[in-house]
Each structure stands twice: as structure tokens, then as C-alpha cells.
Amino acid sequence: MLFFLLLTVATVALGGHVVKRDATCTVHPSGNFTDDSPAIIEAFTLCGQGGNIEFINETYWIEKVMNTTGLNNVQIDLRGTLLWSAANISYWLENSLPLGYQNQSSAWFFGGNNITFDGHGFGTFDGNGQIWYDFTKGVSNLAGRPHALTIWETNNSTFKNIRFVQSQMWTMTLAYSSFVNMTDIFVSSTSNDSEPARNTDGADTLNSHHINFKRWEVHNGDDSIAMKRNSSDILIEDSVFYTGLGVAIGSIGQYPGEFEFVERVLTRNCSFMGTRMVGYIKTWTGVEQGFPPNGGGGGLGYVRDIAWTNSTLSGITQSPAEITQCTTFSGAVGQCDTSTLQISNITWSELSGSLLGSSIASIQCSGAAPCQDLQILDSNFILGGNATVGTYSCHAVASTEGFTC
Ligand SMILES: *[C@@H]1O[C@H](CO)[C@@H](O)[C@H](O)[C@H]1NC(C)=O
Ligand SMILES: *[C@@H]1O[C@H](CO)[C@@H](O)[C@H](O)[C@H]1NC(C)=O
Ligand SMILES: *[C@@H]1O[C@H](CO)[C@@H](O)[C@H](O)[C@H]1NC(C)=O
Ligand SMILES: *[C@@H]1O[C@H](CO)[C@@H](O)[C@H](O)[C@H]1NC(C)=O
Ligand SMILES: *[C@@H]1O[C@H](CO)[C@@H](O)[C@H](O)[C@H]1NC(C)=O
Ligand SMILES: *[C@@H]1O[C@H](CO)[C@@H](O)[C@H](O)[C@H]1NC(C)=O
Ligand SMILES: *[C@@H]1O[C@H](CO)[C@@H](O)[C@H](O)[C@H]1NC(C)=O
Ligand SMILES: *[C@@H]1O[C@H](CO)[C@@H](O)[C@H](O)[C@H]1NC(C)=O
Ligand SMILES: *[C@@H]1O[C@H](CO)[C@@H](O)[C@H](O)[C@H]1NC(C)=O
Ligand SMILES: *[C@@H]1O[C@H](CO)[C@@H](O)[C@H](O)[C@H]1NC(C)=O
Ligand SMILES: *[C@@H]1O[C@H](CO)[C@@H](O)[C@H](O)[C@H]1NC(C)=O
Ligand SMILES: *[C@@H]1O[C@H](CO)[C@@H](O)[C@H](O)[C@H]1NC(C)=O
């Protein structure tokens, strides 16, 4: 009898329901494809301050945006699948929650302090992405197309053992967050038809510091992991990246007159399997052409103290090391020497494995602020085709070590 008195059952709308026992909320899905998001939000409201939230081994159906920020001292156990509806595209285009950056937006804003989010190796986010890949038809950064998850204003927290499949757009963005560990994460966003799974970044950081990515496996069609504006002290290790673009810095410098930086990013002990690059940096031109999301430029700032090291390569499709300061509005060209964003102390070292072609480095820095201290050290590249000499193409590079342009 006492046992039953301690239970609270909150039934929300027609979807799933929450069973609360002490500070533990267990979310039960409707199981019949009615929207479970009200029940999920209810669980965070009831147990998101010093409690536990449990998702059982079933499928949860999500038709609406969720905003569960400001959590504290909470553990989330995801043992089932969160499956996002994409039936109503116009709902998402109109209602995705804005990040306040590059017109990017998200299906779920999640965050707080001292959070442990554990997927136990099978808890899954499924963004139903194929519908989005087909809908966007390759259009870059379609405004309103939601990211799967935004980790927002989060501190001192851990996300582990989680699977993310078929993300709607960027898989997850860590924004305004610090001291967060992302461990044992599997990401796979691939298209099963001729429309590319474009803009399906594995993870992005924005105004975030002291972030560790450890033991990731990413299969996707864009940046494997990308550090965007104002990111520092990032470690990426023991991970394997398939088919995407590799680990990116940027793009930054898209907003005229705004100061942005990325520094102290270390990628080590990883494998790059058929990715386009290993490590690359991109900044917008110094001249504004068009407006975000897909135009802009004229930003200020710097990128420095970045390294990709001790990693294995297999069939890199373009070139392991790349820099461009020539990112510009789709269709616009030129102004490649105008960016004043200073790039310095960038290292690619102890990389070994095969390339499809002969390009080792493709470096297009800006004449207005030539790159300084670019290093390619202690590496062993097996060139593709019949190439016998690796190529290093450079523009506006002030100093190099380990290679000549
Ligand atoms: C779906 O399940 C919920 C209970 O979880 C129920 O209230 C609702 O009527 C069901 N809807 C349909 C269409 O069967
Ligand atoms: C989850 O449930 C499915 C059946 O719906 C089962 O095949 C699977 O083994 C379960 N997973 C775990 C980890 O219990
Ligand atoms: C962090 O949250 C856990 C519960 O998930 C709690 O046991 C622990 O005391 C919290 N730590 C601090 C410093 O509040
Ligand atoms: C789809 O979403 C739009 C915008 O929120 C809404 O007006 C419309 O009623 C929804 N359609 C369906 C079939 O639910
Ligand atoms: C999320 O909810 C918080 C608290 O209500 C609010 O301050 C914040 O603006 C919301 N975020 C978004 C993106 O809607
Ligand atoms: C992007 O956001 C800006 C303001 O934040 C707005 O003026 C502009 O219309 C948006 N662009 C698109 C394509 O939605
Ligand atoms: C961070 O979390 C850990 C483990 O939950 C806890 O021991 C530590 O006190 C927390 N630190 C802060 C500053 O909240
Ligand atoms: C993240 O991992 C680092 C290195 O293992 C550890 O020192 C730190 O305490 C961890 N942070 C959290 C929030 O668990
Ligand atoms: C975040 O946590 C770290 C320790 O893990 C602490 O030093 C820092 O002050 C915290 N920041 C905020 C904004 O709470
Ligand atoms: C280099 O990376 C491999 C894993 O790819 C790891 O086993 C080895 O310990 C790393 N070497 C150093 C010196 O960290
Ligand atoms: C260059 O960056 C590395 C980290 O990649 C750092 O350890 C080193 O101190 C930096 N060198 C200078 C001269 O700042
Ligand atoms: C390599 O050279 C052989 C002989 O000249 C030629 O038949 C072949 O097409 C070349 N392969 C590539 C990838 O260029």
C-alpha cells in the first residue's frame, strides 16, 4: 500500500506518461506514434533538479520541439530510441529553436550543470534524417532545418554510450558549455539515395571550452567534428571518422566586425577512413558578401595552437592538411587576400597512411594576414595513383616547418 502511495503517475495529453517514484521519473511511451514530447518534458520538470530520468527500452515518438535547460545534478538513462517525426516539415521550419548563430536551430535544447546522460551503448537518437536529406536537395544550411540536439549552457557534465543515427542536420552542438565530456559516441548519418546527407556534422562547438571527445565513431557527409567560433581547450582522441570531411576548425569570420577565435584544439590517436581531409581550417574573406546563413565575411580574430597528431589515414580523398581563408557567399568569388584573421602555430604530425591523390597540403591563406608557423612533421603518406612526389600548394604562408611550399 505504502508503495503505491509513493507513486505519482502523470498522464500528459494522449502521448506517453511519466511514473514518478521519489526523485526518479520513468517515461513510458505511447507506443502508437502519438507525440511523446509532452511526457518527456514533464519528466524533466518533475525530476530535473537532483533526480533521475529513465527511458525504457522502447521507441519514443517526438513531434514537437523540446527545451529542457537549467537542469541540475541529474542523471538520464536512455535505454530506448528517441525517434523524431519529420512528417510535418513546415512545423519544424517554423518552430525549431534558434541558436542565435548562423540561423541555425534545433529540435532539442538540453542543458544544465552536473548532468550525466548515459545511453548504455544502445540508447539512440534517430532524427529520421532521410526525409530531410531528400527535402533539402543539397541546399546548404536551410534555415529552420533542425539540429538533433543542442547542449546549451552546460557545465561539468558527461554524455556517454549514446548512438545518434540519421540526424536531421548537425548532430549535436555544444553551445556556451564548459567542462563537458562526450565519451563513446556513435554517429551515423548517411543517405540511401542520390541526395547527399549534407550539413550532417558529427558535432560542433560554439562558445565552448574544455570539451573532451573520446572514442567517437562518425559516419557522415560533412565535418566529422567542427570547432566554430570561440572554442578553446578541446581534445579529440581515440576516435574513428568515416567518409566525412575530417576534423575542422571553422568556418569563422562570417560576421563583419565581430571578433572570433579558436585555440588549443588537439586531435590525437584517431583514424581517418576515406575522409576528405584530416585537419582543415576555414575562415571567411575579409569582405562581407551576402548574409548568414550562407553568406557573410569580414570577421576578425585568430586561430592558433591547433594540432592533429598520431593518427592513421586510409584513402584520404583530397588532402590531409588544408587551410582556406577564401570562404565566401555561394556564387561569389575572389577577395581571398582580405581576411585579417590570423592563423598561426598549426601542426600536422605523426600521420601515417594512404591518400587517393598526391596532395599533402593545400593552403590558401590571406595576403592581409599570412599564416605563421605551419608544421607538417614526422608523417608517412602513401600517395595514390602513380604519384611519386607529394604536393604542397601554398598561398600567403609566412613560415613553415617540415615542408616547403
Ligand atoms: C495512443 O496511446 C495512448 C495511451 O498511451 C492513448 O491515450 C491514445 O488513445 C492512443 N491513440 C491511438 C490513436 O491509438
Ligand atoms: C530492447 O528491446 C528489443 C526488442 O524490442 C530487444 O531486441 C533488445 O535486445 C533490447 N535491448 C536491450 C539492451 O535490452
Ligand atoms: C552531481 O549529481 C549527482 C547526481 O547525479 C550527485 O550525486 C552529486 O552529488 C552531484 N554533485 C554535486 C557537486 O552537486
Ligand atoms: C504542420 O505544422 C504547421 C505549422 O506548425 C501547422 O500549421 C499544421 O497544422 C501542421 N500540420 C499537421 C498535419 O499537423
Ligand atoms: C528555453 O527555456 C528557457 C527557460 O524557460 C528560456 O529562457 C529559453 O529562452 C528557452 N530557449 C529557447 C531556445 O527557446
Ligand atoms: C537569418 O537571421 C537573420 C537575423 O537573425 C534574419 O534577418 C534573416 O532573415 C535570416 N535568414 C534566413 C534565411 O532565415
Ligand atoms: C562536477 O561533477 C563532479 C561529479 O559529479 C563533482 O564531483 C564535482 O564536485 C562537480 N564540480 C562542480 C564545480 O560542480
Ligand atoms: C572529463 O574527463 C577528464 C579526463 O578524463 C576528467 O579529468 C574530468 O574530471 C572529466 N569531467 C567530467 C565532468 O566528468
Ligand atoms: C564549471 O565547472 C568548473 C569545474 O568543473 C568550474 O571551474 C567553473 O567555474 C564552472 N563554470 C560555471 C559557469 O559554472
Ligand atoms: C598513438 O595512437 C595509438 C592509437 O591510434 C595509440 O595506441 C598509441 O598509444 C598512440 N601513441 C602515443 C604516443 O600516444
Ligand atoms: C603551438 O601549439 C602547441 C599546441 O598545439 C603548443 O603546445 C605550443 O606551445 C605552441 N607554440 C607556441 C610557440 O605557442
Ligand atoms: C598508372 O600508370 C599506368 C601505366 O602508365 C596507367 O595505365 C594507369 O592508368 C595509371 N594509374 C593512375 C591512377 O593514374
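Nothing here was measured: the structure is a model prediction, and the numbers come from that model. As the structure lists them, so they are numbered: ligands from 1, and atoms in each ligand from 1. Numbering of residues begins at 1 and proceeds along the displayed sequence.
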Next item on the list: State plainly whether the residues Arg264 and Asp305 are in salt-bridge range, i.e. N to O under 4.0 Å.
Entry: no
Next item on the list: For Gly402 and Leu377, work out which heavy atoms get closest and say how close.
Entry: CA-CD2, 4.0 Å
Note to self: I need the atoms of ligand 6 closer than 4.0 Å to a non-hydrogen atom of Asn103, numbered in the order shown.
What the structure shows: 1 (C), 2 (O), 3 (C), 8 (C), 10 (C), 11 (N), 12 (C), 14 (O)
Next item on the list: Determine, for cysteines Cys371 and Cys365, whether their SG atoms are under 2.5 angstrom apart.
Entry: yes
Notebook entry, point to check: Tell me, which residues have any heavy atom less than 4.0 Å from some atom of ligand 4?
Noted result: Asn88, Tyr91, Glu94, Asn95
Margin query: Using the rule given for side-chain hydrogen bond (donor to acceptor under 3.5 Å, both in side chains), can you reason through Ser105 versus Asn103, listing the C-alpha separation, both sets of side-chain angles and the distance that settles it, and then say yes or no?
Written below: CA-CA 6 Å; Ser105 59; Asn103 299 67; over 6 Å; no
Next item on the list: List every atom of ligand 3 that sits less than 4.0 Å from any heavy atom of Asn114, numbering the atoms from 1 in the order shown and giving each element.
Entry: 1 (C), 2 (O), 3 (C), 8 (C), 10 (C), 11 (N), 12 (C), 14 (O)
Check: Looking at residues at least two apart in the chain, or sitting in another chain, which of them share a salt bridge (Lys or Arg N to Asp or Glu O under 4.0 Å) with Asp222?
Finding: none
Check: Can you tell me how far the CG atom of Asn73 sits from the OG1 atom of Thr116, to the nearest 0.5 Å?
Finding: 9.5 Å
Next item on the list: Quick one: sort the Phe159 and Phe110 rings into parallel, tilted or perpendicular, breaks at 30° and 60°.
Entry: perpendicular
